[in-house]
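If you read the sequence from its start, that first residue is 1, and numbering goes on from there.
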Amino acid sequence: MEISDREAEVLALLGEHLSNAEIAARLVISVRTVESHVSSLLRKLAVPDRRALAHRASEPARADLARPALPTPLTSFVGRVRERADLAGMVGAHRQVTALGPGGVGKTRLALAVVGEVAGGYTDGTWFVDLVPVSDPGMVAAAVAGALGLGEQPGRALDESVVAALADRHALLVLDNCEHVRDGVAPFVERLLAACPRLTVLATSRARLLVPFERVYQVPSLSLASDAVALFTDRAAAAGQPPDPALHDHIASFCERLDGMALAIELAAARWPTLGLNGLTAGLADPLRMLAGGSRADDRHRSVRAALDWSHALLEPADQELLRRVSVFMAPFTVVAAAQVTGSGPGVVADGLARLAERSLLMVTAGADGTGYRVLETIRQYGTELLAETGELVDARTRHLRWCLAEADGLAVVGDDWRAHFDGVADELRAALAWAADRPERRAEAHHLARHLAGLTFTRHLVGESQQRYEQAAALADDPAVAASMLRQAAAVAGCRMRGDDMYRFHRAAAEAARRAGDHAGAATDLATAATNAYRFSVRFVRLLPEAEAIALIDEARELAGDDRCALAAVALAEAGVLADAFGGAADGLATIAVPEAMARARRAVDLAGRTGDPLAESAAFDALIGAQSWSGDTFGAAATARRRIALLASAPDTPAGTHELIDALGIAAEAALGAGDLPATRRWARQLADHPLLAEVGHRATSWLLVADALAGHVGELARISARFLDAWRRAGDRNRAFLGPAVAAVVAVHDLRGDDEARREWRAVQDQLGTSPGYTYGYGAVFDALRMLHFGQAREALERLAPEPGDVWRWVTWIWLHWYVALRAEAAVLAESPDANRRLTEARAVVAGNPVASAIVERADALLHHDEKRLLATADTFDAAGCPYQAARTLKLAGDGGMALAALGL
């Protein structure tokens, strides 16, 4: 099967370890289309999962991508015709099937063979998730999300994103090796099956999941008469010496002693060229190598352990030691990594790993970094048991931990291949942390690794895990001052995730830790920040903070602040935001501000923050000042302060707190520039927001202000392209009642109205209906976009009626952004409707919008129309063009009598 050009592009980006949403944004296609291409690539390249695709994309021979890609499995799948048919039948008949059996029986290979046969019946694809590297049951959802190509959406947990992504999909999800994280798999699968009616889950496990819908398929041993001998013969031939067919019965007898266990047979076959049948039989003759009792009471467990014991005994002591020590690796590893963890030289380790691979005790993997090795899960557990028996486990884990710490240190510098490097060692870091965190003597190293992992996962945009790791680092810190610092970082990450309640909780906890450290000023800053954020970011909170509670926090912070500059600045900001309501009545959604007081308190907060030398504190104070300026009607002052804030953050640290502040600043700057009629600046800030990597998974939120700017400017082609990303992300996210998305949706509806695209208009009006009608729509942005549409179609009287409320009566919905647009369009509607008060409205509007290039040009055009001054009328077209508003320039030409040709050129 040929790989298309688009599939090749997707594959290349998979090699960069991008999520589906990031690939969609890069290629300007929908996430659903990316998913389709990934599913096709999995099938065409015959690889099991996304990680394998990334490896394939990293291979140097890129020219082969355009030619048919042939499967290149390391070993063939032998036999099991009846088992494949039985398991495939169960998968087709039931929603959740668990292929059950002991380690080494061949569950994974059987599951993959069945998936290869049934994949075509699932229209939305099949997805394979290897859970071996997952050491924490709480990370199961993250592993599945990674396989699906989902990044984390701010405001939504990864398990919610997985459920949403699969909710309407006819798909097959394979969860391999579930037993060690069954406590995480079971509730996750139960939720998936309840919410995703067309999803089928095939799990492999050594123990039942015990979830509703589960049907168990007990994976049997290989048929001794045929499959077992065929497997032995195939693997022995691969080792370089095919057995004589005359030995069929003898081989069958030998396989019977191994109970037909696939892994045991493969291990034995790897020894065929050197031992022959007599040597193999003698190797299993010693019953002392059989373990009985406990978890190995089952004969099959004993036979695998016997084969492993036997294979281990045939190794040289140095290779035995190497096998034990590399069993600490959770994922594929390199010779260099093994040398560092085992304490041996690279040359010695390379030779030893090659010998272990020749004996089927290691799997060879190929990647961008060269040859790697992977320990099969059964052998890894065996090696870990040997480490414990020989008393080497703690020492081996310690060396692995220190290697992980060194790897984490090296990842502090972000390079071109950073994502691939991090993804390659992330499971190792997590496993090392899980081990160290439970050992008091390793507490300091565990804290160091948790702190590193918190920063690394944030850089990788795994913000949910980053928050968890910062909180873990705080819990592992011996110094309460360090714990407070980690909790503040956790709060910043929670802000990036749009989790206001977590922000509040972490700042309160940081305040307590700071108290224990004797840092009263730090505690004051945390308490004041907790109160400020509850008003500043109120839309991110589930529990709105009662005013009395916020005031109590400010009072307590004021008492603790002393004369510390940072604490005083934080308290001043809290007073501006909560007491003076500079953020516009965030707690209850109603603006109750006394504008002069809000302005005075905000300016004091800016002054005090400027003395701290902390750009983030100053940025937060600027945010309060922008709010106060906007409520007071100082549109240009708000835009100027927003520009100062962006310039200030250019030197801000690249931390969670800095990122959180920058994302907020970009959105506010876009809004403020829009209010001032600076469309080029609006698009510049909005484009930075749309391209921000932390917002890749929430394309609707990332692109909302860009859509508004493009609609007002008249960039119809850009709007159509960007709106596809918005709609795709909105559907995936399920943000059905997010009122802040209203302006973007109204903007797109208006453009489709102007284009006369009934189908698109119906689609977007359905979105608008789901968002609901808010006062902002009724009196603010909705009135502006409705009036634009009405004036476009010559419905001046209707537009005048839509804009009937006096600006002073609806100020809280138009002052922030829409005041200039509202009054300018109101004046134009009055002129075109031949209203008797048109002159008065023009005069009033001219005073309000003075300095706004687009709104002033609208008013000037209306005045020219009123006085039939064609020269002045045509001059406004040039003004609109210079202001980055081709729509109004084209509309001017239509009003001057060009018949709408300029509008048609824009696609309207």
Side-chain angles (χ1 to χ4, degrees), residues 437 440 443-444 446-448 450-451 453-455 458 463-538 540-575 577-579 587 609 612 614 616-617 620 655-657 660-661:
R443 184 181 180 90
H447 165 76
H448 187 57
R451 189 171 184 168
L453 195 52
F458 184 81
V463 286
E465 183 177 359
S466 178
Q467 177 181 314
Q468 173 192 345
R469 299 305 178 190
Y470 275 122
E471 189 172 11
Q472 186 178 19
L476 290 167
D478 291 324
D479 184 348
V482 174
S485 175
M486 294 295 96
L487 288 166
R488 290 170 193 139
Q489 293 280 48
V493 178
C496 294
R497 299 181 67 211
M498 302 186 183
R499 303 265 180 168
D501 300 81
D502 283 350
M503 292 174 68
Y504 181 77
R505 174 171 61 88
F506 286 132
H507 276 299
R508 292 297 302 267
E512 289 304 311
R515 284 180 193 269
R516 293 195 302 273
D519 181 9
H520 296 296
T525 301
D526 286 314
L527 292 173
T529 302
T532 299
N533 287 347
Y535 280 67
R536 185 182 175 198
F537 304 113
S538 62
R540 303 179 189 180
F541 280 71
V542 175
R543 183 188 81 95
L544 295 179
L545 190 67
E547 184 179 10
E549 185 176 342
I551 291 173
L553 288 175
I554 295 172
D555 290 341
E556 187 177 359
R558 194 182 293 115
E559 292 177 6
L560 291 169
D563 59 358
D564 183 87
R565 288 184 176 182
C566 292
L568 290 173
V571 170
L573 178 58
E575 290 173 341
V578 178
L579 302 183
T612 67
D614 180 359
L616 301 186
T655 62
H660 182 218
E661 198 67 32

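Contact between Ala450 and Leu476 at its shortest, heavy atoms only, is CB-CD1, 4.2 Å. Across Thr612 and Ala617, no two heavy atoms sit closer than the pair OG1-CB, 4.1 Å. In this structure, Ala550 and Val578 approach most closely via the heavy-atom pair CB-CG1, 3.9 Å. Annotation for Ala567 and Ala524: closest pair CB-CB, 4.1 Å, computed over non-hydrogen atoms. Taking each heavy atom of Ala561 and Val571 in turn, the nearest pair found is CB-CG2, 4.4 Å. Annotation for Ala620 and Glu661: closest pair N-OE2, 3.4 Å, computed over non-hydrogen atoms.
Taking CG from Asp502 and CZ from Arg540, the interatomic distance works out to 12.5 Å, rounded to the nearest 0.5 Å. Between Arg558 atom CZ and Glu575 atom CD the span is 4.5 Å, to the nearest 0.5 Å. Atom OH in Tyr535 sits 4.5 Å away from atom CD in Glu547 (nearest 0.5 Å). The structure places CZ of Phe506 at 12.0 Å from OH of Tyr470, a figure rounded to the nearest 0.5 Å. The CG atom of Asp501 lies 11.5 Å from the CG atom of Asn533; values are rounded to the nearest 0.5 Å. Going from atom CG of Leu568 over to atom OG1 of Thr525 covers 8.5 Å, rounded to the nearest 0.5 Å.
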Open item on the list: Pair Arg499, Met503 - check side-chain contact (heavy atoms from CB on, under 4.5 Å), show working.
Closed with: CA-CA 6 Å; Arg499 303 265 180 168; Met503 292 174 68; 5.8 Å; no
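Residues satisfying the salt bridge (Lys or Arg N to Asp or Glu O under 4.0 Å) test with Arg451, not counting sequence neighbours, are none. Under the side-chain hydrogen bond (donor to acceptor under 3.5 Å, both in side chains) criterion, Gln468 pairs with no residue at all, not counting sequence neighbours. Residues that satisfy the salt bridge (Lys or Arg N to Asp or Glu O under 4.0 Å) test with Glu471, not counting sequence neighbours, are Arg505. Not a single side-chain hydrogen bond (donor to acceptor under 3.5 Å, both in side chains) links Glu559 to another residue, sequence neighbours left out. For His520, there are no ring pair (Phe, Tyr, Trp, His ring centres under 6.0 Å) partners two or more places apart in sequence or in a different chain.
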For residues 478-496, dump all side-chain donor-acceptor pairs below 3.5 Å to protein atoms at least two apart in sequence or in another chain.
unit_1	atom_1	unit_2	atom_2	d
Asp478	OD1	Arg443	NE	2.9
Asp479	OD1	Ala481	N	2.9
Arg488	NE	Asp526	OD1	3.0
Arg488	NE	Asp526	OD2	3.0
Arg488	NH2	Asp526	OD2	2.9

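Below 30°, between 30° and 60°, or above 60°: for Tyr504 and Phe541 the angle between ring planes is above 60°, a perpendicular geometry.
Side-chain atoms of Glu465 and Leu453, non-hydrogen and from C-beta on, do get closer than 4.5 Å to each other.
With hydrogens and angles ignored, the 3.5 Å screen pairs no side-chain donor or acceptor of His507 with any backbone N or O of Leu527.
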